[in-house]
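Numbering of residues begins at 1 and proceeds along the displayed sequence. Values below: every heavy atom of this structure, side chains too, minus hydrogens, waters and symmetry copies.
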Amino acid sequence: MSKVGELFSYSIGKKLIMALTGLFMVVFLLEHLIGNMLLLVGPIEFADYAYFMGHNPLIRIAEIGLFAFFAFHIVDGLWLWYKNGKARSQSYAVKGGRYNASWFSRNMHWTGIVILTFLILHLISFWALGRLDINVDMGANESIYAAEVNSMIQAASTPEEARHLTEISHELMLSKKIESHFEVWWYSLIYILAMAFVGFHINHGFQSAFQSLGIDHSKFKPMIKGLGTIMAILLPAGFAAIPLYFLLAKFL
């Protein structure tokens, strides 16, 4: 096989990996949003969810797979960007192809880099907080939150409820700390802006994934495009609503 053929085959394989990992992450975002929305229901409801996620061995194993999928998606995306850049620097078989592409298609690498930067910040401030119990100081007073959790336990109406609240006390503290993060205006602003970039990324990536998988028949294209647009709007809007809620609750 010629070098051109090898490069083509390699790129196709990379695009398939990008498609599969990208669709997986859309599913993950949907599940993650459902869980995070419990923050708006109440601290106990979110604490129950966080306790289940943190103490279920299957979930912990799945986390390793999730990180691997993220790593594959990021590395493949950067590699394809590099390869496409080299190809464009040489010559085009069809002039103007790049400029006929959508804005989202031409800037997937930039939206991806912004999302990666935010993901690192998110992992430091939230994942490390929940899984490693590493607290990133955002102006939160941990002793006050500990006192609030103790008050909740003491106010329990039954011994069973008190035992349950004691069991999830770490997750109740986590809920309070997350709330304190979202009460910091600049952090919430970064979070909301990052969700806009997530929307841009999904808007093209969702449709592109099905195309890479060969599911691009004209019969299904309108449905796939419509579903991608819905995902690109509702998922980021749902995530952005959470910091916005706590931010407005603090100042109003």
- One should read off an interatomic distance between Leu189 CG and Leu244 CG, to the nearest 0.5 angstrom, of 10.5 Å

- Gap between atom OG of Ser188 and atom CD1 of Ile242 - 0.5 Å precision: 10.5 Å

- Message: When you group the ILVMFWY residues by side-chain heavy-atom contacts below 4.5 Å and let the links chain together, are Met195 and Val27 in the same group?
- Response: no

- Message: Quick check: is Leu193 connected to Ile233 through a chain of hydrophobic side chains (ILVMFWY, heavy atoms under 4.5 Å apart)?
- Response: no

- Query: Looking at CZ of Phe118 and CG of Leu121, how far apart are the two atoms once the value is rounded to the nearest 0.5 Å?
  - Reply: 6.5 Å

- Between Leu29 and Ile202, the two heavy atoms sitting closest are CD1-CD1, 4.1 Å

- Query: So which pairs with a foot in residues 153-164 pass salt bridge (charged side-chain N to carboxylate O under 4.0 Å, His left out), sequence neighbours left out?
  - Reply: Glu160-Arg163

- Criterion side-chain contact (heavy atoms from CB on, under 4.5 Å) on Phe210 and Leu23, from CA distance to verdict: CA-CA 9 Å; Phe210 282 94; Leu23 290 175; 3.9 Å; yes

- Closest heavy-atom contact between Val198 and Ile115? CA-CD1, 3.7 Å

- Item | Spacing of CG belonging to Leu172 relative to CE belonging to Met152, to within rounding of 0.5 Å | 5.0 Å

- Task: Tell me whether Ile190 is reachable from Trp185 by hopping between hydrophobic residues (I, L, V, M, F, W, Y) whose side-chain heavy atoms are closer than 4.5 Å.
- Result: yes

- Rounded to the nearest 0.5 Å, what's the gap from CD on Gln207 to NZ on Lys221? Could you check? 9.5 Å

- What do the steps show when you test Phe239 against Tyr191 for side-chain contact (heavy atoms from CB on, under 4.5 Å), and what is the final call? CA-CA 9 Å; Phe239 279 108; Tyr191 192 99; 3.5 Å; yes

- Message: Quick check on the hydrophobic clustering: are Leu234 and Leu40 connected, directly or via other members, by side-chain heavy-atom contacts under 4.5 Å?
- Response: no

- Where do Ile178 and Leu39 come nearest, in terms of heavy atoms and distance? CG2-CD1, 3.9 Å

- Locate the shortest heavy-atom distance separating Leu247 from Val184; write the atom from each residue and the value. CD1-C, 4.2 Å

- Query: Of the non-hydrogen atoms in Ile153 and Ser169, which two are nearest, and what is the gap between them?
  - Reply: CD1-CB, 4.5 Å

- Message: Suppose we screen for salt bridge (Lys or Arg N to Asp or Glu O under 4.0 Å). Which residues come up paired with Glu148, at least two apart in sequence or across chains?
- Response: Lys176

Could you list the donor-acceptor pairs under 3.5 angstrom formed by side chains in residues 43-54, with sequence neighbours left out?
unit_1, atom_1, unit_2, atom_2, d
Asp48, OD1, His164, NE2, 2.8
Tyr49, OH, Glu31, OE2, 3.2
Tyr51, OH, Glu167, OE2, 3.0

- Task: Quick one: pull up CG in Leu30 and CG in Leu33 and give me the separation to the nearest 0.5 Å.
- Result: 7.0 Å

- Query: Hey, does the side chain of Ser208 reach the backbone of Gly205 with a donor-acceptor pair shorter than 3.5 angstrom?
  - Reply: no

- Considering non-hydrogen atoms only, spot the tightest contact between Glu183 and Lys250 and give its length. O-NZ, 3.3 Å

- Task: Could you state whether Phe251 and Tyr245 fall into the same hydrophobic cluster, counting links through intermediate Ile, Leu, Val, Met, Phe, Trp or Tyr residues with side-chain heavy atoms under 4.5 angstrom apart?
- Result: yes

